[in-house]
Amino acid sequence: MALTLYEKIFNRHVVKKLDDSYLIYIDRHLIHEVTSPQAFDGIRLNNRKIWRTDSIVAVPDHNVPTLDRKKGIQDPISKIQVDTLDSNCAEFGLNQFKMNDIRQGIVHVIGPEQGLTLPGMTIVCGDSHTSTHGAFGALAMGIGTSEVEHVLATQCLIVKKLKTLQINVYGKTQNYITAKDIALAVIGHIGTAGGTGFAIEFTGEAITDLSMEGRMTLCNMAIEAGARAGMIAVDDTTIGYLEDRPYAPQGKMWEAAVSDWRLLVSDKGAIFDKVVNIDATMIEPQVTWGTSPEMVSSVLGFIPDPESQLGSKKTGYKQALEYMNLKPKMSISDIPIDRVFIGSCTNSRIEDLRNAAKIVQSKKVSKSIKQAMVVPGSGLVKMQAEKEGLDQIFIEAGFEWREPGCSMCLAMNADRLEAGEHCASTSNRNFEGRQGQGGRTHLVSPEMAAAAAIYGKFVDIRNL
Amino acid sequence: MEKYTKNSGIVIPLDRANVDTDAIIPKQFLKSVKKTGFGKNLFDEWRYLDHGEPDQAESSRQINPDFVLNQSCYKDATILLTRENFGCGSSREHAPWAILDYGIRTILAPSFADIFYGNCFKNGILPILISDELTQIFFDKSQNKKVLRLEIDLENQKIIDGINEYHFEIDEFKKHCLLEGLDDIGMTLQNAKDIELFETNYKQKFPWLTKE
C-alpha cells in the first residue's frame with residue numbers, strides 16, 4: 001500500500017495499539033528551562049526513573065539575556081528557572097548545553113545544527129515550535145509539561161493518529177520570496193485552525209527548492225496553521241546538511257542511515273486526507289497586520305475592512321485593528337514601525353542573517369526606528385556570522401548585535417516592546433502582548449525586516 | 001489528578017475566537033517552577049489595567065471592570081464558554097494550570113487547538129466540543145450579565161441547562177482517565193515489557209538512532 005511520509009514514520013514507532021490510541025516510541029527529547037521543572041518534580045515525587053537519558057538534550061533559551069552574558073542573569077526569577085534546569089540535568093545525568101557553551105542557542109536551532117535531529121525520528125519538546133524539526137523528514141511535535149514527564153518516565157507518548165494534509169506549493173517562487181512568505185501565505189490561505197488535527201506535509205517545487213534553513217522556517221510555522229507537525233520529505237538537501245554534524249552517524253553507520261533515509265518520502269499514489277494547492281508564482285512578500293498570523297497581507301495590499309467580514313471573524317478583525325491601532329483600508333506601507341527584531345526559532349539561522357545583511361549592507365537604519373536588533377539563533381550561528389563579517393554590516397548600519405536566545409520573540413528576558421510600539425519581527429506570533437504588553441507585532445521575513453529598518457516602513461524588497 | 005464526574009456552575013461567556021495561550025497566561029508568569037498559583041493571573045492583560053508581574057499582591061492590581069471575569073454575576077463560575085480555536089499558540093501547560101487554579105473545570109467551545117486540548121485532560125479539566133449553533137444559544141443565554149447555569153455530567157456525556165439536555169462526544173480513554181483521576185504515566189508503565197521489547201528490536205533495525 002502506498003504510504004505518506006507521516007504514516008511511514010508513525011508506523012515505525014508504534015509500540016502498542018491501545019483502543020483508539022497508540023503508544024509511540026520517542027527517539028529524541030529536547031528540553032528547555034520553561035516547560036520542564038514541573039515535569040522533573042513529578043518524576044521525583046513519584047520516585048520514577050528517566051527511561052533513556054541518552055535521548056535527552058537540554059538547553060536554556062527562553063530566559064537567557066542577550067546582552068552582557070558574562071554578568072549572568074539579572075532577573076532573579078529567570079535565574080531560578082535556568083538554575084533549576086542546571087540542577088535537574090546534573091541530578092539526572094543529562095546532556096546540557098549551558099548558557100555559556102558556544103553550542104547554546106534556541107532549542108530548535110541547535111537540534112538540527114548538532115545533528116541531534118535526524119530523518120525518521122520522533123522528536124518532542126515542551127515547545128509548540130518543535131514542528132521545526134519536521135523539515136528533516138522527522139515526526140516532531142510540541143507537547144505540554146505532563147507529556148514531557150510522560151516521555152521522561154516511559155520514552156513514549158499516547159497519541160491518536162493524525163490526519164494528513166498535503167500542502168503542495170507548485171511552481172517557482174519569485175526572487176526575494178522566502179520560506180517565511182510561503183508560510184504566511186499558507187496560513188493566510190488555510191487559517192490558524194486550518195491544520196488542526198493534521199500533520200502537514202509540504203511538497204512541490206517551491207519546497208524542494210528551499211535550503212534546510214528555509215524548510216525549518218516553514219515547518220516551524222506549521223503550528224501557526226494549527227498543525228502539531230509539519231514535515232518535508234528527505235532529499236539530497238537534507239542529507240547534505242546533516243553530513244559531519246557532531247551527533248550525526250559517521251562512517252559505515254552514516255551510509256546505512258542514508259540508505260534508510262532515502263525511503264522517507266511519501267510513496268507515489270499515497271493518499272492524503274486533504275490536499276491544498278498553492279501557486280508559488282503568486283506569492284508576494286507578506287506582512288501581518290493583526291493579532292493572529294492568519295491576518296496577513298501582501299506588502300502591496302491594504303488592511304481589510306471588518307465590516308466586509310461575517311460572524312466571529314468580523315469581531316476578531318475589529319478587536320485586532322483596535323489593538324493594533326490601525327484603520328481599515330490603510331495601505332500596508334503606511335504602517336508605522338518603531339522597532340525591528342531579526343531572530344527567533346523561525347528566522348535566526350545563518351542563511352537568514354546572510355540574506356538580511358545583503359539588504360542592510362552599506363546602508364543606515366532609518367532615524368524613525370528606535371531600535372533594530374539581530375539575535376542569532378545559536379552561539380555557532382553567531383560565530384559563523386562574525387567570521388563572515390555579517391556582525392559588522394549590521395553594527396555599521398545601526399543594528400544591535402546580541403547573544404543567542406529566544407529574546408524578543410516572546411519577551412521572557414529583558415528584550416521587549418513598550419506598549420503601543422509597532423515591531424517588524426521575523427518571529428512567529430503576532431498575538432496581543434506577545435513581544436511585550438501592549439506591543440504590536442508585524443511578522444515578516446528577515447529580508448523584509450531588514451528593509452523595514454532601513455526605510456522605516458514596509459517596502460517591496462523585490463524593487464530594491 | 002482530581003477526578004471529574006460532574007460539574008454544576010455558572011458559565012463565563014468569553015466572546016472571542018482564537019484565544020491564544022499567551023492571552024490565557026502571559027509569559028512573565030511562566031517563570032514559576034510550580035504548577036499552582038497561576039489563577040490570579042489568568043487572562044492577566046485583559047483582566048487588569050496595569051502591567052502584572054509575578055508575586056504581586058492581587059489587592060494592589062487595577063481591575064478592568066469591563067472584562068467578563070471581573071463582573072460580579074460571573075464570580076465563582078466553574079465553566080468557560082468561548083469561540084473557535086481556543087488555546088492556540090504556545091504549548092505551555094501553564095494555561096490549563098491557570099484555568100484550573102482559577103476554579104474552572106469545564107470549557108465549552110466549537111473547536112480547540114490540539115496541544116491545549118490534550119493538556120486539559122492531563123489536569124482534570126474537561127474541554128467539550130459543541131456545535132456552532134449550541135455555542136450561539138449559550139452565548140445568547142449568558143451575555144449582557146445574564147447568568148446561565150449548566151450541569152455537566154461526564155459519565156452520561158450530557159450538558160443540562162435545567163430544561164434541555166445536550167449530548168457531547170468524548171474519547172473513551174480520556175473519559176475514563178478523567179472519571180477515575182488516573183495518572184497515565186502509571187498506566188503506560190504497565191506496558192514496560194512491551195516498550196523494552198520494542199526498544200531491543202528498534203535498536204537492531206535503526207542502530208544509528210540510539211547511542212550505546
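Just so we're on the same page: letters track the sequence lines, and every chain starts at 1.
- Between chain B and the options A:E147, A:M121, A:Q155, the largest number of non-hydrogen pairs under 4.5 Å is found for A:E147.
- For B:A192, the parts lying near chain A are the backbone and the side chain together; criterion is any non-hydrogen pair under 4.5 Å.
- Contacts from residues 36-47 of chain A to chain B, taken as heavy-atom pairs separated by less than 4.5 Å, involve A:P37, A:Q38, A:D41 in sequence order.
- Contacts of B:K34 with chain A are made by backbone atoms alone, with heavy-atom separations under 4.5 Å and no side-chain atom involved.
- Contacts from residues 100-111 of chain B to chain A, taken as heavy-atom pairs separated by less than 4.5 Å, involve no residues at all.
- For B:F116, no part lies under 4.5 angstrom from a heavy atom of chain A.
- Among A:H129, A:K160, A:R228, A:R429, the residue making the largest number of heavy-atom pairs under 4.5 Å with chain B is A:R429.
- Exactly one of A:I26, A:L157, A:V159, A:D27 qualifies for a side-chain contact (heavy atoms from CB on, under 4.5 Å) with A:H13. That residue is A:D27.
- Contacts between A:N428 and chain B at a heavy-atom distance below 4.5 Å are absent for every atom of the residue.
- Using a 30° and 60° split on the angle between ring planes, B:F112 and B:Y117 fall in the tilted class, from 30° to 60°.
- For chain B, the nearby part of A:D20 is the side chain; its heavy atoms alone come within less than 4.5 Å.
- Residue contact with chain B, scored on non-hydrogen atoms closer than 4.5 Å, is absent for A:E33.
- Counting heavy-atom pairs closer than 4.5 Å to chain B, the top residue among A:I223, A:T130, A:L23, A:V82 is A:L23.
- Aromatic pair B:Y166/B:F138: ring centres closer than 6.0 Å.
- Only the backbone of A:I143 comes within less than 4.5 Å of a heavy atom of chain B; no side-chain atom from C-beta onward does.
- Neither the backbone nor the side chain of A:A419 comes within contact range of chain B; no heavy atoms are under 4.5 Å apart.
- The contact list for residues 178-187 of chain B toward chain A, using heavy atoms and a distance under 4.5 Å, reads B:D183, B:D184, B:I185, B:G186 by residue number.
- In this structure, chain B has a heavy atom under 4.5 Å from the side chain of A:R48, while its backbone stays farther away.
- Seen from the ring of B:F86, B:R16 does not count as a face-on cation partner, given the 6.0 Å and 45° thresholds.
- Of the two parts of A:W254, neither the backbone nor the side chain holds a non-hydrogen atom closer than 4.5 Å to a non-hydrogen atom of chain B.
- Annotation for A:G290 and A:A320: closest pair CA-CB, 4.2 Å, computed over non-hydrogen atoms.
- In terms of non-hydrogen atom pairs under 4.5 Å with chain B, the most contact-rich of A:K16, A:H150, A:M253 is A:H150.
- A:I77 touches chain B through backbone and side chain together, each having a heavy atom under 4.5 Å away.
- At a 4.5 Å heavy-atom cutoff, the contact between B:A17 and chain A is made by side-chain atoms alone.
- In this structure, chain B has heavy atoms under 4.5 Å from both the backbone and the side chain of A:E432.
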* To do: Might you work through the ring-ring contact (aromatic ring centres under 6.0 Å, His included) test for B:F38 and B:F29, ending with a clear yes or no?
  => CA-CA 7 Å; B:F38 296 104; B:F29 306 108; 8.1 Å; no

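- Within residues 42-58 of chain B, the residues having any heavy atom under 4.5 Å from a heavy atom of chain A are, by residue number, B:E45, B:W46, B:D50, B:H51, B:G52, B:E53, B:P54, B:D55.
- Chosen from A:S55, A:A257, A:G197, A:A256, the residue pairing most often with chain B at heavy-atom distances under 4.5 Å is A:A257.
- Between B:W208 and A:W261, the ring-plane angle classifies as perpendicular under the 30° and 60° cut-offs.
- In terms of heavy-atom pairs under 4.5 Å with chain B, the best-connected choice from A:G120, A:G438, A:G311, A:S78 is A:S78.
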